[in-house]
Amino acid sequence: MGNGETRVRGLAARAGGWSARHRWAAVGIWVLFVVLAMGLGSAAGRVDVKDSDQLKGETHTAAKIIEDAGIEEPASETVLIQAKDGSLKATDSEFRAAVTAVVGAVEGTGKVTDVTSPYDTQTISKDGRSALVQFDIRGDSETAGERVEPVLKAVEDVQKDHQSLRIEEIGGASMMKTFDDAFGDDFQKAEYSAVPVALGILLIAFGALVAALLPVLLAVTAIMATMGLMGIVSHVMPMSDTANSVMLLVGLAVGVDYCLFYLRREREERQAGRDAQTALQVAAATSGRAIIVSGVTVCVAMAGMLFTGLAEFEAMGLASLMVVAVAMVGSVTVLPALLSLLGERVEKGKIPFLHPDSKLRRNRGQGNRESRFWTAVLKGVLARPVISVVVAAGALLAIAAPAVGMKTQNLTLDQEFGDSLPIVQTYNRVNEAFPGGSEPAEVVVKANDINAPEVKSALADFRERAISSGASRGPVEIKLHDQQNVAFVYVPLVGGSDLDKAGASLDKLRDDVRPATLGKVDGVEAPITGQVAGSKDFNDQLAGAVIPVFAFVVVFAFGLMLLSFRSLTIAVTSIVLNLLSVGAAYGILVAVFQHGWGASLVGAEGVGAIITWLPLFLFVILFGLSMDYHVFVVSRIREARMRGRSTKDAIQHGVVTTAGVVTSAAVIMVAVFAIFGTLSMQSMKQMGVGLAAAVLIDATIIRGVLLPAVMALLGERNWYLPKWLNRLPDLTHDEAPEAVTRDKARDDEGERVPV
């Protein structure tokens with residue numbers, strides 16, 4: 001096939017052609033871009049999402065009042081003093097001596113301020129067996145975890161002297177320190193192990209060191225460039241650590257995938273007897289185009305997160321979108337240049353047993369195991385498409401069924417970490433003795449004059465009604481900031497760590513107690529915030545964002561598929577199949593993490609709920625990633641169809657020739673996501689397991705069984721486009737159908753090429 005006959009138009013082919021002709025320029029521009037992005041990014045520094053911008057609603061208003069007043073809320077800590085058996089009471093001298101010792105010890109560290117004794121604040125439990133000493137850590141609350149060590153040590157020393165009592169500390173700072181000690185390295189471990197895992201799988205897929213290193217190199221440079229860009233962009237839209245971790249995950253998965261698609265096609269064309277230049281042109285026109293369609297679809301899906309109005313989500317969406325865009329541009333520009341530079345050297349570092357050319361793999365049986373497996377599966381699927389559709393779709397719907405009862409909430413401390421940490425047991429003990437005491441609701445009262453008689457009496461009424469309404473059992477604590485005319489009212493909520501019950505208590509405060517007391521005074525603002533309120537407001541806002549985000553992603557993905565394949569049928573089936581794989585992932589999540597079925601197999605436990613942000617996040621990421629494979633497989637089927645094969649033959653050819661690539665790409669994604677499933681936090685486990693399960697289902701049941709079966713059933717209707725849609729712009733830009741007769745023999749040979 002000569003150069004003139006390739007008749008390629010389209011962006012990917014032109015970009016690939018330019019890069020191959022100007023190899024050093026393309027590589028130089030890419031290196032310059034990565035270095036510049038990193039340099040400018042580190043010079044600009046990253047601006048992170050502020051607490052007050054995390055949410056809209058009352059929690060936002062409260063954070064804004066505190067910020068505007070310039071009040072730095074310190075990190076508050078609590079020491080629980082509890083009799084180990086029923087005989088000791090808070091009134092006994094031994095108990096009193098322990099309280100005095102704790103107060104003296106924490107004050108003696110010089111790190112605390114505002115220490116209160118339970119005998120003054122009445123923080124003694126109903127049964128008289130437990131009491132709380134409360135204090136604040138000096139300095140900035142954000143970094144209090146770094147300064148709490150001597151205080152914890154002082155409390156431990158008091159515990160040693162009072163064996164009949166339980167003396168334990170809990171609070172914002174001590175929890176921060178515990179998490180950093182226990183899980184600070186968790187993320188880094190995951191991030192560091194992801195690259196070697198991907199490289200190992202690529203070595204197996206390519207059987208050559210150089211070919212395996214290229215995708216990892218591209219993914220890593222794309223991630224580095226995006227980190228720099230995140231710094232620059234964060235001055236307009238703040239970023240966060242979570243966004244950074246998600247960006248790493250998505251960048252590695254997508255960057256490696258795109259390269260893999262390109263490299264495999266180029267190798268396949270060379271093995272079919274084409275010269276290096278032509279092989280590269282064909283790869284650019286086919287795989288390159290699939291990468292652009294897929295990349296734009298993934299970016300559009302990620303952009304869906306920008307509609308949530310939640311700062312953390314917007315940061316995750318934008319960071320993911322940028323890394324996909326950078327990886328996509330790199331794949332169609334710098335990759336062809338590198339392949340052109342390397343030529344045959346891309347096969348350097350051959351690994352015995354694994355490389356297609358190695359003597360040990362030359363016999364057909366060994367060399368083509370993957371394709372033989374898929375050929376056998378497809379034979380059955382295409383022979384009985386109706387049964388295949390019924391069985392596969394039925395299985396997926398059955399897996400998705402538990403998702404109907406999905407319950408989402410922000411996980412409480414004991415749900416997130418189980419009983420593995422001593423601090424979780426302290427948290428549970430404080431909640432038992434003082435329901436809601438470890439995470440009280442916080443009413444931020446702002447008035448023109450906080451000491452005005454009507455404001456004072458409304459505050460007293462509020463305190464009294466909060467208890468008489470049954471929302472709290474007390475003690476309700478009021479802290480005045482006279483100069484700023486602000487008061488903080490701390491209300492322990494009945495329901496404690498049960499977020500449903502605590503949420504009902506919060507509603508009582510917001511809907512009944514507040515309007516009847518503080519709400520009657522002119523000029524008083526009294527938003528209610530705190531852990532429970534934050535979880536509730538976040539849930540409410542996310543629930544409101546679900547429909548717009550779903551609609552945006554589905555409509556845009558549908559439009560892109562319609563324009564890219566000029567087929568109404570393909571656009572509809574791609575959306576339906578994607579929704580099925582997302583539904584199945586939801587079903588697995590609910591079964592494992594909500595009901596606890598088989599949870600021990602993944603080292604998790606059923607915590608009765610899915611973390612709030614996960615369903616929407618999963619939908620967006622999975623819709624993007626599964627489009628990846630879909631575009632790739634369907635492009636190959638369409639290409640075979642354009643070359644004059646029958647639809648059934650084209651399906652067989654398309655699925656078998658892409659099976660190896662899709663399997664390798666999926667294995668890498670599943671492995672990278674599964675690493676997150678090994679982390680200690682339940683929320684990270686949920687994310688890892690959800691993503692890994694969905695990609696696995698997508699690459700096997702959907703791409704290997706459902707897609708070919710549905711397309712076989714539809715036959716020629718796969719390419720249906722109503723006449724009135726003919727005016728749509730044509731984005732197909734495939735290789736033009738070639739002289740079928742001349743390429744027929746070569747194509748048939750191509751089908752047996754090891755994939």
Side-chain angles (χ1 to χ4, degrees), residues 55-63 65 73 76 78 80 121-127 130 132 134 170-172 175 407-416 424 426-445 458-479 487-520 524-543 607-609 611-612:
L55 292 166
K56 306 283 186 279
E58 286 197 27
T59 28
H60 175 73
T61 316
I65 291 173
E73 273 198 285
S76 57
T78 298
L80 169 72
T121 54
Q122 296 310 304
T123 44
I124 297 169
S125 63
K126 281 245 167 69
D127 62 6
S130 310
L132 302 178
Q134 292 166 315
I170 190 170
M175 284 199 246
K407 178 184 167 207
T408 59
Q409 66 176 50
N410 276 354
L411 300 182
T412 52
L413 190 70
D414 49 338
Q415 287 174 316
E416 186 72 281
V424 175
T426 308
Y427 170 86
N428 289 336
R429 283 197 267 270
V430 170
N431 263 321
E432 262 168 58
F434 304 90
S438 59
E439 281 158 2
E442 182 182 352
V443 190
V444 179
V445 183
L459 278 169
D461 281 355
F462 182 89
R463 172 191 261 169
E464 186 269 319
R465 272 215 190 199
I467 297 170
S468 64
S469 68
S472 175
R473 297 208 186 105
V476 176
E477 186 193 351
I478 299 176
K479 265 190 189 174
F488 294 143
V489 184
Y490 298 98
V491 186
L493 295 171
V494 168
S497 60
D498 182 329
L499 285 183
D500 290 339
K501 289 181 183 159
S505 304
L506 175 75
D507 289 341
K508 261 187 214 163
L509 284 187
R510 281 179 169 176
D511 304 338
D512 305 339
V513 178
R514 181 175 55 189
T517 55
L518 294 162
K520 291 191 168 163
V524 166
E525 274 187 277
I528 301 178
T529 181
Q531 181 87 10
V532 179
S535 174
K536 190 174 184 312
D537 292 352
F538 186 80
N539 251 347
D540 292 348
Q541 188 162 349
L542 208 52
V607 289
I611 190 147
T612 310

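Note that this is a predicted model, so its numbers are computed, not measured. Worth knowing before you read on, the calculation uses all heavy atoms, side chains too, and leaves out hydrogens, waters and symmetry mates.
A distance of 9.0 Å separates OG of Ser535 from CG of Asp540, quoted to the nearest 0.5 Å. The CD atom of Glu58 sits 9.5 Å away from atom NZ of Lys536, with the distance rounded to the nearest 0.5 Å. Interatomic distance, CZ of Arg429 versus CZ of Phe434, reported as 13.5 Å (0.5 Å rounding). The CD1 atom of Ile528 sits 8.5 Å away from the CG atom of Leu493 when rounded to the nearest 0.5 Å. For the atom pair CD of Glu432 and CG of Asp127, the computed distance is 10.5 Å after rounding to the nearest 0.5 Å. Note that OG of Ser76 and OH of Tyr490 are 6.5 Å apart. Values are rounded to the nearest 0.5 Å.
Of all heavy-atom pairs spanning Leu459 and Ala487, the tightest one is CD1-CB, 4.4 Å. Residues Ser125 and Ala433 approach most closely at CB-O, 3.7 Å, considering heavy atoms. Here the closest heavy-atom approach between residue Leu509 and residue Pro515 is recorded as O-CD, 4.3 Å. Across Lys508 and Ala471, no two heavy atoms sit closer than the pair CB-CB, 4.1 Å.
Under the 4.5 Å side-chain criterion, counting only non-hydrogen atoms from C-beta, Ile611 is not in contact with Thr408. Val494 is listed as a side-chain neighbour of Ser505, based on a closest heavy-atom distance under 4.5 Å. Phe462 has its side chain within reach of Val491: a pair of non-hydrogen atoms, C-beta onward, lies under 4.5 Å apart. You'll find the side chain of Ser130 stays beyond 4.5 Å of the side chain of Ile124, heavy atoms only. Contact annotation: the side chain of Asp512 never approaches that of Arg465 to less than 4.5 Å [non-hydrogen atoms, C-beta and beyond]. Looking at heavy atoms from C-beta onward, Val489 lies out of side-chain contact with Glu477 at the 4.5 angstrom threshold. Side-chain atoms of Val444 and Phe488, non-hydrogen and from C-beta on, do get closer than 4.5 Å to each other. Proximity of Ile65 to Pro527: side-chain heavy atoms (C-beta onward) are separated by under 4.5 Å at one or more points.
Arg514 places no side-chain N or O within donor-acceptor distance of the main-chain N or O of Gly519, the cut-off being under 3.5 Å. A distance-only check finds no donor-acceptor pair linking the side chain of Thr612 to the backbone of Asn539 [under 3.5 Å]. Checked by atom type and distance alone, the side chain of Thr529 never pairs as donor or acceptor with a backbone atom of Ala62 at under 3.5 Å. A donor-acceptor pair under 3.5 Å is formed between the side chain of Ser469 and the backbone N or O of Ala466. The main-chain N or O of Val513 is found under 3.5 Å from a side-chain atom of Thr517 such that the two form a donor-acceptor pair.
Electrostatic pairing of Asp537 and Arg510 counts as a salt bridge here, judged by a charged N lying under 4.0 Å from a carboxylate O.
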For this session: Any chance you could lay out the side chain to side chain contact (heavy atoms under 4.5 Å, CB included) test for Leu518 and Glu525, step after step, and finish with the verdict?
Result: CA-CA 8 Å; Leu518 294 162; Glu525 274 187 277; over 6 Å; no
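Under a cut-off of 6.0 angstrom, the local environment of CD in Gln134 is crowded, with over 12 non-hydrogen atoms contributed by other residues, nucleotides or ligands. Annotation: Arg473, atom CZ; neighbour count of heavy atoms from other residues, nucleotides and ligands within 6.0 Å does not exceed 12.
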